[in-house]
Undergrad: 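Please see the structure below; I have some questions.
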Amino acid sequence: MPELPEMENYRRLLSNKLLGRRIVGVTIHRERSINVPVESFIEQTKGQTIQRIGRRGKQIIFDLENGRVLLLHLMLGGWMYLGTQEDRPDRTFQVILDFGNISLYFIGLRLGYLHLLSQEQLEEVLSHLGPEPDSPLFTSGMFSDKLRKKRGMLKPVLVDQKVFAGIGNCYSDEICFEAHLLPMRKCQELSDDELLELYLATRLVLGQATEMGGYMENPLFLGDHLTGGYDERCKVYDRGGEPCPRCGTLITKDEITSRKTFYCRGCQH
DNA sequence: AGTGAGACCCGAACGC
DNA sequence: TGCGTTCGGGTCTCAC
């Protein structure tokens with residue numbers, strides 16, 4: 001599901017294509033995807049140009065010239081396509097933003113949404129999120145301090161958006177694998193060395209995954225060969241029963257706090 | 001505080 | 001081909 005690397009990849013690619021572009025039409029096929037009446041949504045978005053595209057955790061923020069923002073959370077299975085009626089995928093679209101020669105299609109928004117908010121409302125929503133793993137504030141000291149205070153297992157803490165923003169089910173497993181740590185380890189029992197390994201693994205995995213376009217394979221636009229490039233680099237996620245690329249042991253598929261979890265019994269401890 | 005269960009949601013994938 | 005069924009999971013809330 002879309003996590004920090006996928007959303008940051010989207011943010012970068014969409015910034016290249018949409019900054020300064022004007023929304024000339026808005027189509028809402030699913031009213032539940034938005035948070036205000038359709039007429040109001042259209043009135044406040046149609047005619048607006050995209051001033052900036054930001055990201056916080058797993059959410060993308062489109063700044064409009066009227067000071068309002070569109071906050072996108074894809075939740076599970078949501079994705080986007082930027083293109084024409086001719087090259088767009090054969091899927092159902094919940095929302096379409098029309099930019100003239102191209103449109104931005106929002107697909108698979110079941111629990112996901114595109115909310116129109118004021119700056120104040122945006123701040124309130126984002127205030128519940130922990131720090132960004134790709135910010136300069138994300139130091140090994142801060143990382144270790146936070147984890148040492150947690151009594152639970154590693155994986156549930158990593159995917160907790162209030163602890164760090166942007167890590168989800170896939171990358172929490174990949175980070176644990178990279179750090180040679182089992183996801184059910186208790187945070188408080190991790191040594192200083194293990195915490196450092198985990199910190200470095202978090203930066204490495206999220207950084208590489210972002211640069212390689214994330215693991216979700218649907219291209220964002222025609223000729224987009226970047227998005228999804230990390231899929232083949234995922235070492236354990238969704239690879240239950242396959243041999244571990246590091247030691248050959250078959251990858252275990254398990255469940256931790258009702259989340260599907262993958263790890264290697266051979267080289268994660 | 002951490003964990004687990006239930007609700008939310010519905011298109012796509014699957015099975016016959 | 002076509003219809004009915006199953007599945008997926010991030011987030012929130014509540015109970016323990």
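All values below come from the heavy atoms of this structure, side chains included, with hydrogens, waters and symmetry mates left out. What you see is a predicted model; the values in this text were computed from it and never measured. Chain A is the first sequence line, chain B the second, and so forth, proteins listed ahead of strands; every chain is numbered from 1.
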Undergrad: Do A/R55 and A/E6 sit within salt-bridge range, that is, some charged N less than 4.0 Å from a carboxylate O?
TA: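 Judged by the 4.0 Å cut-off on N to carboxylate O distance, A/R55 and A/E6 do not form a salt bridge.
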Undergrad: Where the side chain of A/L111 is defined as all heavy atoms beyond and including C-beta, which of B/dG2, B/dC8, B/dC10 is the nearest nucleotide?
TA: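 Nearest to the side chain of A/L111 among the choices is B/dC8.
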Undergrad: Would you please say whether a donor-acceptor pair under 3.5 Å links the side chains of A/E174 and A/S172?
TA: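 Per modelled atom types, A/E174 and A/S172 side chains form no pair under 3.5 Å.
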Undergrad: Between C1' on B/dT3 and NZ on A/K186, what's the gap in Å once rounded to a whole number?
TA: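 To the nearest whole Å, that distance equals 11 Å.
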Undergrad: Scan A/G152 against the nucleic acid and name what it touches under 4.0 Å (heavy atoms): base, sugar-phosphate only, or nothing.
TA: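 Sugar-phosphate contact only - A/G152 comes under 4.0 Å of backbone atoms but never of a base.
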Undergrad: Please tell me if A/T257 has a side-chain N or O lying less than 4.0 Å from either OP1 or OP2 of B/dG2.
TA: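 Negative; the distance criterion is not met.
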Undergrad: Under 3.5 Å, which donor-acceptor pairs do the side chains of residues 256-267 of chain A form with other protein atoms, sequence neighbours left out?
TA:
from, atom 1, to, atom 2, distance (Å)
A/T261, OG1, A/R259, O, 2.9
A/Y263, OH, A/D254, OD2, 2.6
A/R265, NH1, A/T252, OG1, 2.9

Undergrad: Rounded to whole Å, please give me the gap between CD in A/E6 and C1' in C/dG10.
TA: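 It is 14 Å, rounded to the nearest whole Å.
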Undergrad: How close or far is atom P of B/dG2 from atom CG of A/L154, stated in whole angstroms?
TA: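 Checked: the CG to P distance equals 13 Å.
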Undergrad: Step through it carefully: locate the ring centre of A/H29, locate the ring centre of A/F93, and say whether they are under 6.0 Å apart.
TA: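 No; A/F93 has its ring centre 6.0 Å or more from that of A/H29.
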Undergrad: Could you please name the option among B/dA13, C/dG10, B/dG4 that lies closest to any side-chain atom of A/R91?
TA: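 For A/R91, the side-chain atoms sit closest to B/dA13.
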Undergrad: Is any side-chain N or O of A/R110 closer than 4.0 Å to OP1 or OP2 of B/dC8?
TA: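 Checking B/dC8 against A/R110, no side-chain N or O comes under 4.0 Å of OP1 or OP2.
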Undergrad: Rounded to the nearest angstrom, tell me the gap between atom CE in A/M216 and atom P in C/dG8.
TA: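 Those two atoms, CE and P, are 17 Å apart.
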Undergrad: B/dG2 P sits how many Å from A/Q188 CD, rounded?
TA: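 Atom-to-atom, A/Q188 to B/dG2, this comes out as 8 Å.
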Undergrad: So which heavy atom on A/S140 is nearest to which on A/L196, and how close?
TA: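 Minimum heavy-atom separation between A/S140 and A/L196: CB-CD1, 4.0 Å.
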Undergrad: Looking at B/dA12, C/dG10, B/dC10, which one has an atom nearest to any side-chain atom of A/N169?
TA: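 Nearest to the side-chain atoms of A/N169, counting from C-beta on, is C/dG10.
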Undergrad: Could I get a table of every N or O pair under 3.5 Å where one atom is in the protein and the other is in nucleotides 11-16 of chain C?
TA:
from, atom 1, to, atom 2, distance (Å)
C/dT11, OP1, A/H73, NE2, 3.0
C/dT11, OP2, A/K58, NZ, 3.2

Undergrad: Using the six-membered ring wherever Trp is involved, compare the ring planes of A/F62 and A/F106 and label them parallel, tilted or perpendicular (cut-offs 30° and 60°).
TA: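 Correct class here is perpendicular.
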Undergrad: Counting heavy atoms from C-beta on, name the nucleotide in B/dG2, B/dG4, B/dC10 closest to the side chain of A/K150.
TA: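 Closest of the options to the side chain of A/K150: B/dG2.
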Undergrad: Given B/dT3, B/dG11, B/dA1, which nucleotide is nearest the side-chain atoms of A/R151?
TA: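 Out of B/dT3, B/dG11, B/dA1, the nucleotide with an atom closest to A/R151's side chain is B/dA1.
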Undergrad: Tell me, which of residues 206-213 of chain A have any heavy atom that sits under 4.0 Å from an atom in DNA chain B?
TA: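 Listed by number, there are none.
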Undergrad: So which heavy atom on A/L71 is nearest to which on A/I61, and how close?
TA: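 Answer, listing the atom of A/L71 first, then A/I61: CD1-CG1, 3.6 Å.
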Undergrad: Give the rounded distance in Å between these two atoms: CD of A/E31 and P of B/dC10.
TA: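 For the pair A/E31 CD and B/dC10 P, the rounded distance is 12 Å.
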Undergrad: Locate the shortest heavy-atom distance separating A/G168 from A/E3; write the atom from each residue and the value.
TA: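 Here A/G168 and A/E3 meet closest at N-OE1, 2.8 Å.
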Undergrad: Given atom CD1 of A/I256 and atom C1' of B/dA5, what is their separation to the nearest angstrom?
TA: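 The distance from CD1 of A/I256 to C1' of B/dA5 comes to 18 Å, rounded to the nearest Å.
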Undergrad: Measure the distance from CD on A/E3 to C1' on C/dG8 and round it to the nearest whole Å.
TA: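 About 14 Å, once rounded to whole Å.
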Undergrad: Going by the angle between their ring planes, with limits at 30° and 60°, are A/F143 and A/F164 parallel, tilted or perpendicular?
TA: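 A/F143 and A/F164: parallel rings.
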Undergrad: Could you tell me whether A/R148 and A/E189 make a salt bridge, using a distance below 4.0 angstrom between a side-chain N and a carboxylate O?
TA: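 No, this pair does not count.
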